[in-house]
Amino acid sequence: MIDRQSHWQNVYATKSDAELSWFQPAPALSLSLFRQLDPRPRSALDVGGGQSPLAGELLALGVQSVTVLDVSQSAIERSKQRLGELARRVHWLESNVLASPSLDKVDLWHDRACFHFLTDGAQVRSYVQLASRTVTPGGHLIIATFGPQGPERCSGLPVQRHDTASLALSFAPAFELVRSAHETHQTPWGKPQEFVYAVLRREQRSQGSRGPSDSQA
Ligand SMILES: C[S@@+](CC[C@H](N)C(=O)[O-])C[C@H]1O[C@@H](n2cnc3c(N)ncnc32)[C@H](O)[C@@H]1O
């Protein structure tokens, strides 16, 4: 059993950005997919946000409420320092996404390179249930994982690689696939890594509400 918190605390306490394989100076593809969302999210959660600059970019794009959730306090501290004054506008949550944390509803749930650490069905079900409870009807997920040709491990931990179909299947039926994209990420030391991004939409009806044919009664 992996002690995720100790693992990630240690990673961020001992490695510079240049030593983190997933480091990207700008989350270009995430932002490009964000710009295509309809409706535009007013609130967003970055799950396993790490030291990513995404939170600041989303605030700059007009998202009113931005939350970063990460199991590592040292990742959160690093991200806060990088954002400077802007950090005060972000909600920070040190938490394990698998521990079913209590989360406010959001229009956008973003995850780059955290979901792929979930290697068994129970973990995936717990994650999807939390996302289903948290994302507003009509809201979106952007999930990015290693693709079929990507590495089998990330930060020394085993990962589940995905293609678009397996991502869509993991989140169905609560979410439906809207679009997908591929990216060849270059690690800071120049090694290519295949990523797959899926944009999924939460079904419009909230659970328990009546379907279109019922609503005319
Ligand atoms: C590979 S890094 C990706 C960081 C960031 N999303 C990015 O794209 O730069 C994975 C991140 O997920 C966090 N993480 C891993 N497992 C987690 C879990 N169960 N709950 C919350 N955060 C987790 C780690 O601390 C780390 O910051």
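Numbers here simply count residues along the sequence, with the first being 1. As the structure lists them, so they are numbered: ligands from 1, and atoms in each ligand from 1. Fair warning: this is a prediction, and the values are worked out from it, not measured in the lab.
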Next item on the list: Around atom 12 (O) of ligand 1, find the nearest protein heavy atom and jot down its residue, atom name and distance.
Entry: G48 CA, 3.4 Å

Check: For the side chain of T184 and the backbone of Q193, is there at least one donor-acceptor N/O pair under 3.5 Å apart?
Finding: no

Checklist line | Any side-chain donor near an acceptor of the partner, Q9 and S72, under 3.5 Å | finding: yes

Next item on the list: Not counting sequence neighbours, which residues clear side-chain contact (heavy atoms from CB on, under 4.5 Å) with E77? List them please.
Entry: Q73, K80

Check: Can you tell me which residue and heavy atom of the protein come closest to atom 18 (C) of ligand 1, and the distance to 0.1 Å?
Finding: N96 OD1, 3.5 Å

Next item on the list: May I ask you to identify, for Q24, whether its side chain, its backbone, both or neither come under 4.0 Å of ligand 1 on a heavy-atom basis?
Entry: neither

Next item on the list: Measure the distance from atom 25 (O) of ligand 1 to every protein heavy atom, then report the residue, atom name and distance (to 0.1 Å) of the closest one.
Entry: D70 OD1, 2.6 Å

Margin query: Give me the residue, atom name and distance of the protein heavy atom closest to atom 24 (C) of ligand 1.
Written below: W8 CD2, 3.3 Å

Margin query: So, using side-chain contact (heavy atoms from CB on, under 4.5 Å) as the criterion, who are the partners of S126 when residues are at least two apart?
Written below: L98, S100

Check: Given that the side chain starts at C-beta and the backbone is N, CA, C, O, which of these parts of R112 lies under 4.0 Å from ligand 1, counting heavy atoms, or is it both or neither?
Finding: both

Checklist line | Aromatic plane relationship, F175 with F171 - under 30° parallel, 30 to 60° tilted, over 60° perpendicular | finding: perpendicular

Note to self: With a 4.0 Å cut-off on heavy atoms, is S155 in contact with ligand 1?
What the structure shows: no

Next item on the list: If you have a sec, work out which protein heavy atom is nearest atom 26 (C) of ligand 1 and how many Å separate them, to one decimal?
Entry: Y12 OH, 3.3 Å

